[in-house]
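Lettering follows sequence order; numbering is per chain, from 1.
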Amino acid sequence: MTTERRRPYPFDRFESKWQARWEAEHTFHAPNPGEEGFDPACPKYYVLDMFPYPSGAGLHVGHPEGYTATDIVARFKKMQGYNVLHPMGWDAFGLPAEQYAIKTGQHPRITTQRNIAGFKEQLRRIGLAYDWQREINTTDPAYYKWTQWIFLQIYHSWFNPETQRAEPVSTYRGSDPDSVRLAYVSEAPVNWCPELGTVLSNEEVIEGKSEVGGHPVVRRPMRQWMLRITAFAERLIDELDGLDWPESIKLLQRNWIGRSEGAEVRFELAGAEAGAEGIDVFTTRPDTLYGATYMVLAPEHPLVERIASAEQLPAIRDYREKTARKSDIERTELAKDKTGVFTGGFAINPVNGERIPIWIADYVLMGYGTGAIMAVPAHDERDWDFAQKYFLPIREVVSDTPTLGLSGGSSPCEAPPLACSTASGFAIHSGPLDGLPTEDARREMTALLETKGVGRRSINYKLRDWLFSRQRYWGEPFPIVWEGAQHRPLGEAELPLVPPEMDDFKPTGTPEPPLSKLTDWIRYSDVATRETNTMPQWAGSCWYYLRYCDPKNASRFVGCDAEKYWMSGNGANSKPGGVDLYVGGTEHAVLHLLYARFWHKILFDLGHVSTPEPFQRLVNQGLILGEDGQKMSKSRGNVVNTDDVVTPYGADAFRCYEMFMGPLEQMKPWSMTGVEGITRFLARVWRLIMEEDQEGVWRRSAAVQDLPADKAGSKVVHATIKKVTEDIETLSFNTAIAQMMIFVNHFTGAATRPVSGMRVLLQLLNPFAPHITEELWEQLHGANSSMLAHEPWPAYDPALLVEDEIELPIQINGKVRDRITVKKDAAAELIEQAAMEAPEIAKWIEGKSVKKVVIVPGKLVNIVVAG
RNA sequence: GGCGGUGUGGCGAAAUGGCAGACGCAGCAGACUUAAAAUCUGCUGGGAGGUUACUCCCGUGCGGGUUCGAGUCCCGCCGCCGCCA
């Protein structure tokens, strides 16, 4: 397409000019406390985007949806007099750059730098008001020095159960501090992905496949670094309450942490002497203990070999091998056929002394609870399926009706139930519990167990500790060395620990990380070798919002004053503090947002930061779909790149369209004709103030005059100030733009346009369309005027919004039949009288009796008639 | 299966329990133009009636309920999307 389409307004002549000026004048630089230009009287506002991974594909129109929203808020808050922190940076460690390196031999650093440059240029073209002096990059040694430093703080800490806080490990009084560190080494089975050549966290594995690439993942035991996030499970749930987050995200986190209350119960092994090793189980239904007719251990449970009878041992070993090849998801699938093997051993049910068989089955996971369960087939679906398959006894101990006289597990003639019931009801066949409703029975049984010393109340979490090491090159090396089998930390002075240069990034094909190939680097001293794992990509994003506060600090991860200022609560709303507004996609609901809260709490406990939570207000932007209504993807060919929009329509049209599409949080499809519509709107704004002469030169329009607005005009102006101000606060940008369209439509037909009203429009529209408004502002005020970005936000006069006379609809039985015009504060009697006399109303009332007249002042009149 | 979200014109959507469909897209008509584009003006949920001004009926996924009045609140379903299983 070579035809030079005439642009509806000459955005191409001024957009880059204003971008250059903002950059040159540091218009959006926020000074820190103590810096030049800092005004302590200024309230602060910290508005943050989830920083992107700079991929090679560049920005598509989905990325800047959130960025534009925060940009509008940032510019708005600045005009309202806030000191606004609005930074951007790069989450640049990660697998794609490393895989590209494996394919091409090009160092990931080079790829990363090139991608960052591309992303930054695309963002610049959109005119986002970032403080680029605060740009950070997680792969910069000056940044990851502090990621490593924070890891060391975690390594040096433990969770004191008495204070419920992270404390220096020196306060631990036990004999083996390594057993309580918040960063520890574990030999547990992990998610190993042979294709990627690395282990993955539970959060990175989706339906048995890697989240990145969809490769198969298997379980295998490996020596790995773990972070003890489970210690914070309770606080991570409880402290969600005070956050201004979408309830759905809070719920997602609560479900992920998966708190369940119940009891831990000890079953002795049959034939063992009292006090000998037993099997502990966790159950949320202690009330059903009388219905426990067998036990199941996870196949990898350490007791299995000991319990197993000689004749069962071969079958057990065979089954364990098969299990090892399955993922947790495959194992716990409800619909799946249950399998298992009898161990040959028996346990004693502690409440009724019954001898019950012990099985192993893969539907019991070693990682959840204690790795063993008591099976109550009558009241648990999986136990039911299992019992049906292997003909194990089933005893009903919960009835849906209160039944008296059916006492005791001793009753010999109970009929097995016809179906499994997990519902609450009333205890039966349960000795002392009989007749109790499920809730009471739970409590009663727990108390009973505690008295007998065979169990106790317990809380279990689904959350697992965070598998924190990866077998990759392109990540932060651990500041750890090994001497013999013992790990020890590097000193702070040895940070940053920079990964060595390398040409061959290929995975070793074994669980040995790529760094293990570099024998020189590994050798730390005659006796010590370096840790060769690296940290996961999440590490850098766990604390980047803190670094933005003080990105150049060389002596601390963030300066105390800067942290206190930017992360403080906003006096006005007495919130506990943190980032004032954080916008990003839902995909991070349980990964980044949980990890970052975890790290933040450790740093808070250790006194390094001043707030218990990092992000006070969180908003998720909705996905932008392709024009076909499908998720954008390369394979569908429906991806719209930002440049495809910015080049032909301009940055302002791009920004405004992104915001006009619909509610920020909603999923919505892209539409190029929609972009054209918004372009028409901006062109109309342009022509409100400019007109084109015979030679095709744009000049200030003669219709713009220094006259007061008429009554209707000033009402529109002030209604627009009100609407736009309120809508930006609630992030309802689509309706804010609709109101500005109403403004423009009102003045488009007018012969003269008051310059005061035009100024207000430019102020209100500036956060949305900063280039065109700056240009027009300059047209109105001259080239030497101060920038619009430095103008204050306008205020509205409520008095101008009130009409003297209002039109009231008159309803008969809820249907509008006529309208009357009355004075705005007319008395009810007067309104009623006028309503009854309205021309159309009479015929509706005729021959009927008026039962009631409802008058809602300023809204409507409803006449209720009968007959 | 559980939890959460969502359902309004041809399309994106708007509506503190108070005139459903603001605003925009698409479409139709008119003005300007030799013509087109651009621009400006008007119309545009469905149906019925009337010569016009207009009038009436139906309408927010389905079925009930509360209320003078329900897109909005309550109960029960159905579809789609997401998360967990």
Between atom [atom1] in [X] and atom [atom2] in [N], what is the gap in whole Å?
X	N	atom1	atom2	value
Leu623(A)	G5(B)	CG	C1'	14 Å
Met661(A)	G12(B)	CE	P	11 Å
Tyr649(A)	C25(B)	OH	C1'	13 Å
Gln253(A)	C84(B)	CD	C1'	14 Å
Phe681(A)	U39(B)	CZ	C1'	17 Å

Could you check whether [X] gets within reach of a base, just the sugar-phosphate, or nothing at all, counting any heavy atom under 4.0 Å?
X	answer
Met740(A)	nothing
Ser248(A)	sugar-phosphate
Lys250(A)	nothing
Lys851(A)	nothing
Trp844(A)	sugar-phosphate
Asn813(A)	nothing

Quiz item: Is Glu247(A) salt-bridged to Lys250(A), going by a charged N under 4.0 Å from an acidic O?
Solution: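 Counted as a salt bridge, because a side-chain N and a carboxylate O are separated by less than 4.0 Å.
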
Quiz item: Using 4.0 Å as the upper bound for N to carboxylate O, is an ion pair formed by Lys338(A) and Asp383(A)?
Solution: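 Lys338(A) and Asp383(A): not salt-bridged.
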
Quiz prompt | Arg753(A) side chain to Met758(A) backbone, donor-acceptor under 3.5 Å | solution =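 No, Arg753(A) side chain to Met758(A) backbone: no donor-acceptor pair under 3.5 Å.
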
Exercise. For the pair Thr438(A) (side chain) and Gly425(A) (backbone), establish whether a donor and an acceptor sit closer than 3.5 Å, ignoring hydrogens and angles.
Key: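 Yes; judged by distance alone, with no hydrogens or angles, the pair exists.
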
I want to check one thing: is the phosphate of [N], taken as OP1 and OP2, less than 4.0 Å away from some side-chain N or O of [X]?
X	N	value
Arg684(A)	G24(B)	no
Arg254(A)	C84(B)	no
Asn734(A)	A14(B)	yes
Lys668(A)	G12(B)	no
Arg817(A)	C57(B)	yes
Asn745(A)	G24(B)	yes

Integer angstrom distance from the [atom1] of [N] to that of [M]:
N	M	atom1	result
G2(B)	C77(B)	P	10 Å
C83(B)	C75(B)	P	27 Å
C40(B)	G18(B)	C1'	37 Å
A26(B)	G12(B)	C1'	11 Å

Exercise. Compare all side-chain heavy atoms of Tyr649(A) with those of Ile678(A) and state whether any distance is below 4.5 angstrom.
Key: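 Not touching, per the 4.5 Å side-chain cut-off.
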
Quiz item: Which pair of non-hydrogen atoms, one from Phe654(A) and one from Pro64(A), has the smallest distance, and what is that distance?
Solution: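 That would be CZ-CG, 3.7 Å.
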
Quiz item: Taking all non-hydrogen atoms of both residues, which atom of Pro767(A) and which atom of Ile72(A) are closest, and how far apart?
Solution: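 Minimum heavy-atom contact is O-CG1, 3.3 Å.
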
Practice problem: Map Pro663(A) and Leu252(A) onto RNA chain B by nearest heavy atom, then report which one ends up closer to the 5' terminus. | Solution: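 Nearest nucleotide further toward 5': that of Pro663(A).
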
Quiz item: When the nearest nucleotide of RNA chain B is assigned to Pro669(A) and to Ile678(A) on a heavy-atom basis, which residue is associated with the more 5' position?
Solution: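 Here Pro669(A) is the residue nearer the 5' end.
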
Which nucleotide, [options], lies nearest any side-chain atom of [X]?
X	options	result
Thr735(A)	U39(B), C68(B), A15(B)	A15(B)
Thr673(A)	C23(B), A26(B), U41(B)	A26(B)
Met741(A)	G24(B), C68(B), A15(B)	G24(B)
Ala738(A)	U41(B), U39(B), A22(B)	A22(B)

Under 3.5 Å, sequence neighbours excluded: what are the donor-acceptor pairs made by side chains of residues 679-688 of chain A?
{"unit_1": "Thr679(A)", "atom_1": "OG1", "unit_2": "Val675(A)", "atom_2": "O", "d": "2.7"}
{"unit_1": "Arg684(A)", "atom_1": "NH2", "unit_2": "Asn745(A)", "atom_2": "OD1", "d": "2.5"}

Quiz item: Can you list the steps and then say if Ser260(A) with Asn460(A) is a side chain to side chain donor-acceptor pair (under 3.5 Å)?
Solution: CA-CA 5 Å; Ser260(A) 47; Asn460(A) 194 51; 4.6 Å; no

Polar pairs (N or O, both sides) under 3.5 Å between protein and nucleotides 17-21 of chain B?
{"unit_1": "C19(B)", "atom_1": "O2", "unit_2": "Arg819(A)", "atom_2": "NH1", "d": "2.6"}
{"unit_1": "C19(B)", "atom_1": "O2", "unit_2": "Arg819(A)", "atom_2": "NH2", "d": "2.5"}
{"unit_1": "C19(B)", "atom_1": "N3", "unit_2": "Arg819(A)", "atom_2": "NH1", "d": "3.0"}

Quiz item: So does Arg13(A) have more than 12 non-hydrogen atoms from other groups sitting under 6.0 Å from CZ?
Solution: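 Open: at most 12 neighbouring heavy atoms sit under 6.0 Å from CZ of Arg13(A).
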
Quiz item: Do Trp670(A) and Tyr657(A) make the cut of ring centroids closer than 6.0 angstrom?
Solution: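 So the answer is yes for these two rings.
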
Quiz item: Can you tell me which stems RNA chain B forms when a stem means 3 or more consecutive Watson-Crick or G-U pairs under 3.5 Å?
Solution: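 RNA chain B stems, ordered by first number: B:1-7 with B:78-84, B:10-12 with B:23-25, B:27-31 with B:39-43, B:45-49 with B:54-58, B:61-65 with B:73-77.
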
